[in-house]
Structure formats: C-alpha cells, structure tokens
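Single-structure report; data block below.
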Amino acid sequence: MKCQKCDRPATFHITELTGSKPQELHLCEEHARQYLSESSEGAGAASGLSASLVQNMSQQLSLSQASEELKGIDQKTCPICGITFFDFRSRGRLGCPNDYNCFEEQLDPLILSIHGESQHHGKTPKRVGKSDDQRTLLIRLRRELDESIAKEDYEHASELRDKIKAISE
C-alpha cells in the first residue's frame, strides 16, 4: 500500500476514532513523523490518551531508525578474517585479533558493561618464564659471546657471560 501523501510505501497505518466514522491514514515514515508532530502540538488540550498514542508512535519511529543503523553496523566486515559484526552478535565469538580494532567502536561499550574495564590488568603465569624480549636479548648475547670467543676477545666475552648470567637468573 502506498502513502496517501506521496508514492512511497506506507509503513504506518493509523486509525482515528474522532468523529462518527473511523478515519484510516496510510503514511510513510516521513509523513507519519510529520503527522504525529502536528498531532502532539494540537494535543495540548486533548486527552492524555491521544498524547500517549503520539508518544508511542514516536518511539516506534525512533526504534525503526535504530534498527536501520544496526543493519549498517551488522554489515561491517573485518578485512582479515571476513567476519561481519552480525556474525559476532549471533555467535558471540570474534574471528581474529584484528576484529578488536575493526569493531572497536561497537565492542568497547560491550566490554565495559561486562567486565567494568576495557584494559586487562593481570599477572603473567610463573610457568611462562621470561618475556619474548628477554629471550631475544639472550639469543643475541649468546651469539655475540660465540663471536667474541672465535675472535679471541676474552675480555668482551667475559662481560657478555656476566650479562647472560644476570638475565638468566
């Protein structure tokens, strides 16, 4: 069915019982919004029932706008793994670490509401041991130690040995 004021499809069907006959209106979203704003201005002296009806219809219009925005967000896709935000919402799982950056704007409020924080502040398990930076440093120092011994630079080699020993403890 088409809107009575334009050629767009009618999404709101309003029946008014003001006179002896019920009056039916078939309006698109834009004209329904306009009609409801006109009704709310004239409803100052009218009954509270019609004002609440206007308020309910206005809420319905804002909900339809929110659902349209959500449709746009749901189609947002991660360039790495290809997961959409709709897939995340339906499964509850992300596809790759890049999704936290890709959907950051939508995930931050969600993470805050669930955990109360958006940053992890925890401990490193003891069994993990040294960090990757320390391991890399140890590998580099051991390589330099081997080179120093091959060059017979024993003073430098003893310094490297002491550094390795200090980091390893």
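Just so it is clear, the values below take in all heavy atoms, side chains as well, and ignore hydrogens, waters and symmetry mates.
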Report task. Please step through side-chain contact (heavy atoms from CB on, under 4.5 Å) for the pair Tyr100 and Leu94, ending with a clear verdict. Result -> CA-CA 8 Å; Tyr100 288 100; Leu94 295 171; 3.5 Å; yes
Query raised in the report: Should Phe85 and Ile111 be regarded as members of a common hydrophobic cluster, given that ILVMFWY residues are connected when their side-chain heavy atoms come within less than 4.5 Å of each other, either directly or indirectly?
Result: yes
Query raised in the report: Looking at OG of Ser168 and CD of Gln134, how far apart are the two atoms once the value is rounded to the nearest 0.5 Å?
Result: 9.5 Å
Report task. Verify side-chain contact (heavy atoms from CB on, under 4.5 Å) between Arg140 and Glu144, making sure each step is shown before the conclusion. Result -> CA-CA 6 Å; Arg140 186 176 56 78; Glu144 285 182 33; 2.7 Å; yes
Requested in this report: Could you tell me whether a side-chain N or O of Asp99 sits under 3.5 Å from a main-chain N or O of Cys96, the two making a donor and an acceptor?
Outcome: yes
Requested in this report: State which residue, out of Glu30, His31, His26, fulfils the side-chain contact (heavy atoms from CB on, under 4.5 Å) condition with Cys3.
Outcome: His31
Query raised in the report: Quick one: do Ile14 and Met1 end up in the same hydrophobic cluster if we chain Ile, Leu, Val, Met, Phe, Trp and Tyr together by side-chain heavy atoms under 4.5 Å apart?
Result: no
Query raised in the report: So, for Gln4 and Leu25, which heavy atoms are closest and what is the spacing to 0.1 Å?
Result: OE1-CD2, 3.4 Å
Report task. Could you tell me which non-hydrogen atom of Pro22 sits nearest to which non-hydrogen atom of Thr15, and how far apart they are? Result -> CB-CG2, 4.0 Å
Query raised in the report: Any side-chain heavy atom of Lys5 within less than 4.5 Å of one from Leu27?
Result: yes
Query raised in the report: Any ion pair linking Glu147 and Arg143 (charged N to carboxylate O, less than 4.0 Å)?
Result: no
Query raised in the report: Among the clusters formed by ILVMFWY side chains lying less than 4.5 Å apart, do Ile80 and Phe103 turn up in the same one?
Result: no
Query - Derivation of the side-chain contact (heavy atoms from CB on, under 4.5 Å) call for Phe88 and Leu107 - result: CA-CA 10 Å; Phe88 162 70; Leu107 290 176; 3.5 Å; yes
Report task. Give the cluster check for Ile164 versus Leu137: same hydrophobic cluster or not, with ILVMFWY residues linked at side-chain heavy-atom distances below 4.5 Å. Result -> yes
Query - Whether over 12 other heavy atoms sit under 6.0 Å from Asp7 CG - result: no
Report task. Say whether Ile167 and Leu145 are linked into one hydrophobic cluster, either directly or through other cluster members, by side-chain heavy-atom distances under 4.5 angstrom. Result -> yes
Report task. Report yes if the side chains of Cys102 and Pro79 come closer than 4.5 Å at any heavy-atom pair, otherwise no. Result -> yes
Report summary line: Gly95 and Ile83 have their tightest heavy-atom pair at N-CD1, 3.7 Å
Query - Closest non-hydrogen atom pair, Leu141 against Lys163 - result: CD1-CB, 4.2 Å
Query raised in the report: How close do His156 and Asp153 get, heavy atom to heavy atom, and via which atoms?
Result: CB-OD2, 3.3 Å
Report summary line: Smallest heavy-atom separation, Cys78 atom then Asn98 atom, equals SG-ND2, 3.5 Å
Requested in this report: State whether Arg8 and Glu29 are salt-bridged, where the test is any N-O pair (Lys NZ or Arg NE/NH1/NH2 against Asp/Glu carboxylate O) under 4.0 Å.
Outcome: no
